[in-house]
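Below is one structure, written out as C-alpha cells; comments come after it.
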Amino acid sequence: MGLLTEGSPLSWEETKALAEHVRRHGVEQFINLYSKLRDRTGDVLKWGDEVEYIIVKFDDVNQRATVSLRAEEVLPKLQEKELKDPQNVKSLWRPEYGAYMIEGTPGKPYGGLLAHFNIVEANMRYRRAEASALLKDGEVIMSITNFPRLGSPNFTSPPYKPTPDRGVSLSYFFPDQATFPGHPRYKTLAENIRKRRGNRMAINIPVFRDVNTKIPIDDYHKILPDLAKPDSVYLDAMGLGMGCCCLQVTFQACCITEARTLYDQLAPLCPIMLALSAASPVYRGYLTDVDCRWNVVSASVDCRTREELGLEPLKNDKFRIHKSRYDSIDSYLSPEHEKYNDIEVVHDPAVYRRLREGGIDHPLAIHVAHLFIRDTVSLFSEKVHQDDENDTDHFENIQSTNWQTMRFKPPPPNSPIGWRVEFRPCDAQLTDFENAAYVCFVVLLTRVILTYNLKFVMPISKVDENMQRAQRRGACASQRFWWRRDVRSQDADTYLEMTVHEIINGKEGVFPGLIPLIESYLSGMDVDADTHCSVQQYLKLIQRRASGEILTMASWMREFIDKHPQYKKDSIVTEKINYDLLKTAYGIQSGTIPAPTLLGSSNVSKTNDDIPKAFSKMMSKDCP
Ligand code: ADP
Ligand code: MG
Ligand code: MG
Ligand code: MG
Ligand code: MG
C-alpha cells in the first residue's frame with residue numbers, strides 16, 4: 001500500500017448504506033482492469049519483502065518493558081527521504097495498526113538475479129539501523145510477532161487506561177491510544193468491524209496448562225459470560241490481533257497465468273511456513289497453547305454477524321459465512337486446479353454473473369465474487385464517487401480488507417507494475433538473518449516450482465486442516481501435515497501426512513524435500529561466492545529449524561520462560577519475565593548474545609549492499 005492520503009472517514013451508518021455501491025463499482029472496476037490487463041505479458045521477476053516492527057521501550061530501573069506509542073512521531077522522519085526523492089531511496093516506511101508499529105520495505109523491489117538474494121539482509125539491517133537512529137530513552141526496534149504483554153495493565157508508554165465503555169475498541173485491555181492515530185483508517189476499521197459484528201470482539205486463545213496453571217485464569221468469563229472462556233486468554237480488540245507483526249513477500253509474475261499458478265502452488269505451503277516461522281506463544285501475559293498469530297488476528301477482525309455465523313437464521317444478511325475476512329484462501333485460481341476446490345466458496349451470485357458477463361472465467365470470477373461477500377468497513381467521503389474506467393479504489397477497498405494467506409494483486413492502473421502474488425502467512429522473525437532466510441527460501445521455491453513444473457496443489461480442505469495443525473504448540477517439531485505424494489506428477493492425486501522436517505528436508509524413498517529440490521535448481525546456476533555463501537546459510541537455517549536441530553522462536557520463548565527463576569509454572573509471564581525475555585531477544589537480534597538453540601552455530605551470511613556486476617544470469621524463465 002502506498003503513502004496513505006488523509007481523508008474524512010464516513011460514519012458506520014453512512015458506510016453501511018454505501019456497501020452495495022462500493023461492491024457494484026468495485027466489480028466494474030475489476031472488470032475494466034481485467035479487460036485492459038489480462039493480456040499483459042513479458043514482465044520479469046521482481047519481488048520485495050515487508051517487515052513489521054514494534055517499538056519496545058526498556059525501563060532498566062524498574063525492569064519493565066512496554067510498547068512505545070511513538071510511531072506517529074518517528075514515521076514522518078522516516079518518510080522524509082522518500083518524499084524528497086521517491087525513486088532513489090533504500091527503504092520505504094508505512095504505518096501499521098499499532099501506534100507502536102512501523103512497516104519497512106526495500107526502496108525498490110529486487111530483481112531476478114540470484115545475486116539479489118545477497119542484498120536483502122543488508123537492506124533489512126539498513127532499515128533497522130535507520131529506524132533505530134530516531135529512537136530515544138531506552139527504545140529499540142524489534143521484529144517480534146507479538147509483544148508478550150500486549151493488553152496487560154500499563155503495557156504502553158505513556159501508560160493509558162483502556163475504556164471498555166467508550167471509544168472505538170470498547171476494550172478492557174487495549175486503550176484506543178494504542179491504535180495508530182496518524183491516519184483515520186485504523187480507528188475507523190476497529191470501530192466499523194466491531195459495529196458490523198454487533199458485539200465486542202471475542203478472541204479466545206486456549207491457555208497452556210502448566211503444572212500450576214489456575215483455571216479459570218481470570219474473571220473475564222464472569223464479566224462477559226457469552227464471550228470469554230474460562231480456560232482461555234480472552235482478548236477483545238482488533239489491536240490485540242492486528243497489532244501483531246508479520247513477514248510478507250510479494251513477487252511479480254510474467255503474466256496473469258503465471259501469477260495464478262504461483263498463487264495456487266504456494267497456498268499449500270502457507271501452513272508449512274506458518275509452522276516453521278512460529279514466533280508468538282504468549283498473549284496478554286499468558287503462555288498459550290498456540291505457537292503463532294494466525295487465528296488470533298483472524299478473530300480480531302471477524303466482523304461476521306450472528307446470522308452470518310449461523311447462530312441465527314438469515315434475515316437481514318445474505319450469506320452464512322464460514323471464515324473471517326482474515327483467513328486462509330478458499331479457492332484456487334487456475335482452471336486446471338478447479339477440482340481441488342472442495343470446500344464451499346461462499347460467493348455473491350449477482351457479482352459472479354456480472355463478472356462472467358464481463359468476460360472473466362469461472363475460477364477467477366468465483367474468487368472475486370468470494371472477496372465481494374464482504375462489506376466495506378472503511379470508506380472516505382472523497383472516495384465515494386469514482387471513475388470506474390480508471391480508478392480501482394472500490395475494488396482495492398474490498399481486496400485490501402480480505403486478509404488471506406495468499407493475495408492475488410492485479411497491476412495498479414497506468415503503472416509499470418505487472419500481475420503479482422503475495423505470500424502472507426509467516427510470523428515475523430527476530431533477526432534480519434532469519435527474515436532474509438525465510439523470504440529468500442520462498443522466492444527460490446517459486447523459481448523451482450516454475451522451472452520443474454512442480455505441483456503442490458491439494459484439496460483446499462486439506463490446506464485448511466494443515467492451517468489449524470500449524471498453529472498448535474510445538475507444531476514445527478511434532479505435527480504432521482497433508483502433502484502431495486508426488487509433486488512431479490500432474491495427476492497422481494494421492495496425499496500423505498508428513499512432518500515439516502520430511503517436507504523440507506525429504507523422506508527417503510517418499511519425497512525428495514524442498515531444500516534438496518532448491519539445491520538441485522541452484523546447482524545449475526552461476527553465482528558469485530558471497531551470494532552462494534549467504535544462500536547456503538539461509539537454507540541451512542531453514543533445514544535445521546525443520547529438523548528440530550534448532551528451535552522456532554515460539555519454542556525458544558517457551559524454554560526461556562520455563563527456565564526463568566521467577567516463573568511459577570502457572571503460565572503467567574510477569575513484567576520481570578517479559579523484560580528479561582525481551583532484553584535477551586534484543587541482545588540476540590543485535591548479535592551481542594549468542595543463541596545457538598535458536599539460530600545454530602553458523603548464522604552469519606556474506607550479505608552486501610551492492611550486487612556484483614559479473615554475474616547477471618536471470619533466474620526467471622521466458623514467459624510461456
Ligand atoms: P502491501 O502492504 O499492499 O502488501 P507494500 O507496498 O507494503 O504492499 O509491499 C509490497 C512489496 O512489493 C514491497 O516489498 C515492494 O518492494 C514489492 N514490490 C514493489 N513493486 C513490485 C513489483 N513490480 N513486483 C513485485 N514486487 C514489488
Ligand atoms: Mg505493506
Ligand atoms: Mg503490514
Ligand atoms: Mg497490515
Ligand atoms: Mg503486504
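All ligand and atom numbering here is 1-based and tracks the order in the structure. Source: prediction; values computed, not measured. Values below: every heavy atom of this structure, side chains too, minus hydrogens, waters and symmetry copies.
In this model, a donor atom of one side chain and an acceptor atom of the other lie less than 3.5 Å apart for Thr531 and Asp528. When only modelled atom types and interatomic distance are considered, Arg128 and Ser143 share a side-chain donor-acceptor pair under 3.5 Å. Using modelled atom types and a 3.5 Å distance limit, the side chains of Thr156 and Gln177 yield no donor-acceptor pair.
Residues Arg23 and Asp375 are paired through a salt bridge, judged by an N-O separation under 4.0 Å between the basic side chain and the carboxylate. Ionic pairing of Glu130 and Lys81 is present here: one or more N-O contacts between side-chain nitrogen and carboxylate oxygen are shorter than 4.0 angstrom.
Because the distance cut-off is set at 2.8 Å, Glu52 qualifies as a neighbour of the Mg ion (ligand 3) through one of its N, O or S atoms.
The proximity of Lys409 to ligand 1, defined as any non-hydrogen pair under 4.0 Å, is limited to the side chain.
The closest approach between Glu422 and ligand 1 falls below 4.0 Å for a heavy atom of the residue.
For ligand 1, the atoms closer than 4.0 angstrom to any heavy atom of Trp47 are 25 (C), 26 (N). In summary, the atoms of ligand 1 found under 4.0 Å from a heavy atom of Asp49, numbered by their order in the structure, are 13 (C), 14 (O). Listed by number with element, the atoms of ligand 1 under 4.0 angstrom from any heavy atom of Ile417 are 23 (N).
Of all the N, O or S atoms in Glu96, the one closest to the Mg ion (ligand 3) is OE2. The Mg ion (ligand 2) lies closest to atom OE1 when only the N/O/S atoms of Glu50 are considered. The atom of Glu103 nearest to the Mg ion (ligand 3) is OE1, with the search restricted to N, O or S atoms.
Polar contact with ligand 1: absent for Arg420 (N/O pair, distance under 3.5 Å). No N or O atom of Arg424 sits closer than 3.5 Å to an N or O atom of ligand 1. Residue Phe251 places no N or O, backbone or side chain, under 3.5 Å from any N or O of ligand 1.
Residue Gln252 holds the heavy atom nearest to atom 24 (N) of ligand 1 of all those in Glu50, Glu103, Gln248, Gln252.
Looking at His394, its side chain does come within 3.5 Å of a backbone N or O of Val384 through a donor-acceptor pair.
For the pair Arg284 and Phe173, the distance from NZ or CZ to the six-membered ring centre is under 6.0 Å and the angle to the ring normal is within 45 degrees.
Asn123 and Tyr110 get closest at one heavy-atom pair: CB-OH, 3.3 Å. Tyr452 and Leu517 get closest at one heavy-atom pair: CE1-O, 3.8 Å.
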